[in-house]
Amino acid sequence: MSNLQPVRGTHDLMFDDIRRHRAIEDAAFEIAGRYGYGEIATPVFEATEVFTRTLGDTSDIVTKEMYTFETKGGERITLRPEGTAGVARAFISGGLAQQTPLKFFYREAMFRYERPQKGRQRQFHQIGVELLGVPGPQADVEVIALGHHILTALGVAGNIKVELNSLGDSESRAAYRDALTAFLSGHMETLSPDSRERLQRNPLRILDSKDPADRQLVANAPRYSDYLNTTSKDFFAAVQEGLARLDVPFNLNPGLVRGLDYYSHTAFEFTTDALGAQGTVLAGGRYDGLIPSMGGPATAGTGWAAGVERLAMLIPEPAAAVRPIAVVPVGAAEVQVAEKLAHTLRLQGFAVELGYSGDMGKRLKRANKLKARAAVILGADEVRDGVVTLRDLDSGEQKKVTQAELAQHLKV
RNA sequence: GCGGGUGUAGCUCAGUUGGUUAGAGCAUCGGUUUGUGGUACCGAGGGUCGCGGGUUCGAGUCCCGUCACUCGCCCCA
């Protein structure tokens with residue numbers, strides 16, 4: 001039926017697309033493993049409360065972007081819009097507080113009811129890491145260095161800037177929020193309509209407004225750095241020194257704030273200008289307040305998430321699929337021998353394609369299309385003599401080898 | 001959620017001020033080649049012009065609606 005289409009904002013992944021996704025996820029998983037991060041897979045859906053209590057009542061994610069529904073049993077369920085809340089819930093419900101520090105890596109689908117654009121789907125994929133139970137700045141440094149390491153390995157670090165800021169501890173944050181609100185309240189006429197709205201809900205977000213008038217106003221507003229208390233300042237300085245020691249380049253961005261309420265101290269974003277308005281490729285920060293806010297024991301946390309679709313648009317061509325070997329029977333009489341030979345080769349570890357139909361010419365043509373590196377040709381003569389004709393499909397050279405020696409000749 | 005752009009073959013795109021049977025390249029399939037792929041040549045198939053309605057003697061072309069994609073805003077990875 002021609003009117004059957006994927007649901008808005010969803011896509012089928014196959015061929016090169018999924019190879020790109022896997023290349024990203026596999027590289028990230030392997031590198032995170034070197035830092036001691038083990039994989040965690042939490043459920044696709046959680047009790048709605050898990051997200052409403054952690055993301056903040058005012059965030060757009062909670063107010064308009066969640067896929068929330070009621071089950072037959074009357075539970076309120078939400079498809080996860082992000083990964084951190086689920087990991088925190090797992091930490092609490094699994095009683096893992098005795099096992100810190102804990103390091104988790106995840107690669108999962110996320111769901112947000114947003115208007116689709118390039119690099120923004122309703123079902124999308126994130127990789128992410130969470131480091132739980134380390135209150136010191138070395139945790140922030142490690143996690144940022146890990147992100148930078150992964151993007152370097154993927155070959156995209158050259159197009160990406162690391163932006164860094166500190167939101168301070170809750171005391172500093174509250175002090176600054178009051179100062180900023182007081183200042184901006186005196187300039188209501190100049191503020192954009194969006195920012196007037198933000199002044200009520202989340203005044204810090206005005207700092208990264210794109211409206212020109214807002215930007216000018218913000219330039220003269222109180223500076224966040226002036227409101228950090230000594231603890232916060234020392235913490236931020238230690239993060240910067242740690243990154244410098246590891247040769248991770250970064251830019252300070254005083255306008256960088258987080259959309260989600262549970263962040264404190266370090267906030268960072270890895271951005272590119274190659275993706276238009278969806279330039280943030282990896283982002284995260286410290287969220288010491290998250291687990292306590294969900295009713296768990298006071299536990300420090302820091303981590304990030306990266307958008308796989310966005311990274312997939314940046315990485316170079318993924319490694320080509322393995323080039324198979326084609327087993328080609330000359331005529332119908334040799335098909336069964338060919339099938340047996342193909343099976344034997346597969347058991348020996350080779351990737352083998354066996355054309356499903358057609359004469360020798362068609363099968364070779366198909367082998368060529370599959371980028372087979374060699375053809376193993378079996379005709380009446382070969383079967384009689386216990387040999388095969390081995391043809392190199394790049395050079396066109398061919399020779400007869402015994403079936404016993406075939407595996408030796410096929411080794412790369 | 002708000003504002004703009006675009007929808008013609010599997011893909012990339014032509015299609016004149018509304019006028020016969022809607023075209024090209026690539027891809028696909030077949031043949032030149034009954035034990036040899038890639039290159040070349042020859043040929044074939046493939047379209048309810050996104051969908052629905054309207055105007056008109058006549059709509060791929062004009063109008064309205066709708067869906068999808070896309071750019072920006074919002075938000076975010």
Side-chain angles (χ1 to χ4, degrees), chain A residues 1-11 24 55 58-65 81-84 107-128 147 151 160 192-195 197-198 201-202 205 208-211 214 257-260 268-272 275-284 303-314 326 328-334 355 358-383 389-398:
Chain A
M1 287 172 71
S2 58
N3 60 348
L4 254 196
Q5 293 176 336
V7 172
R8 183 164 155 85
T10 67
H11 289 99
I24 290 162
L55 298 177
T58 59
S59 77
D60 275 37
I61 291 184
V62 169
T63 55
K64 48 188 206 201
E65 295 178 2
E82 58 97 38
T84 304
R107 41 173 147 188
E108 313 252 48
M110 306 291 167
F111 306 85
R112 292 183 196 172
Y113 190 81
E114 294 187 277
R115 179 144 175 184
Q117 276 178 236
K118 187 170 65 171
R120 179 204 280 179
Q121 282 90 52
R122 289 183 170 181
Q123 174 174 341
F124 63 106
H125 300 83
Q126 290 187 333
I127 52 174
L151 297 196
I160 283 175
S192 66
D194 277 337
S195 287
E197 178 85 6
R198 282 186 277 233
R201 293 195 347 250
N202 194 350
R205 294 240 54 136
D208 65 356
S209 170
K210 287 174 186 166
D211 183 272
D214 287 352
V257 289
R258 305 277 62 209
L260 309 181
F268 53 90
E269 278 184 19
F270 290 35
T271 62
T272 176
L275 295 179
Q278 275 67 243
T280 300
V281 133
L282 180 154
W304 51 254
V308 176
E309 280 81 359
R310 292 183 185 180
L311 287 171
M313 289 187 282
L314 297 176
V328 178
V330 168
E334 292 82 34
D359 61 19
M360 181 176 176
K362 284 208 187 91
R363 287 175 191 253
L364 278 172
K365 197 171 222 171
R366 208 170 300 135
N368 194 56
K369 204 163 296 166
L370 292 166
K371 299 189 165 61
R373 49 186 246 252
V376 172
I377 298 167
L378 271 170
D381 298 350
E382 284 88 347
V383 171
T389 296
L390 178 58
R391 180 176 179 86
D392 184 309
L393 290 177
D394 292 326
S395 67
E397 287 166 20
Q398 61 183 45

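Just so it is clear: chains get the letters A, B, ... in the order the sequence lines come, proteins before strands, and each one is counted from 1.
- For the P atoms, the distance from C41(B) to G25(B) is 12 Å, rounded to whole Å.
- Here U36(B) presents its C1' atom at 14 Å from CG of D392(A), a figure rounded to the nearest Å.
- With hydrogens and angles ignored, the 3.5 Å screen pairs no side-chain donor or acceptor of E108(A) with any backbone N or O of Q126(A).
- Pair assignment for A68(B) gives U6(B), based on Watson-Crick or G-U wobble hydrogen-bonding distances that are each under 3.5 Å.
- Between K369(A) and U28(B), a side-chain N or O to OP1/OP2 separation shorter than 4.0 Å is present.
- The side chain of R8(A) contributes an N or O atom lying less than 4.0 Å from OP1 or OP2 of C69(B).
- Look at K362(A) and you'll find a side-chain N or O under 4.0 angstrom from OP1 or OP2 of G30(B).
- Between the side chain of E309(A) and the main chain of H125(A), a donor-acceptor pair closer than 3.5 Å is present.
- Counting any heavy atom pair closer than 4.0 Å across all strands shown, Q117(A) reaches a base atom.
- With both ends at atom P, the span from C29(B) to U20(B) equals 35 Å, rounded to whole Å.
- Using a 4.0 Å cut-off, some side-chain N or O of R198(A) falls inside it from OP1 or OP2 of C75(B).
- For U36(B), the OP1/OP2 oxygens have no side-chain nitrogen or oxygen of K365(A) closer than 4.0 Å.
- Of the possible donor and acceptor atoms, one in the side chain of E82(A) sits under 3.5 Å from a partner among the backbone N and O of T84(A).
- Looking only at distances, a side-chain donor or acceptor of R363(A) sits under 3.5 Å from a matching main-chain atom of G358(A).
- Of the side-chain N and O atoms in K118(A), none sit less than 4.0 angstrom from OP1 or OP2 of C69(B).
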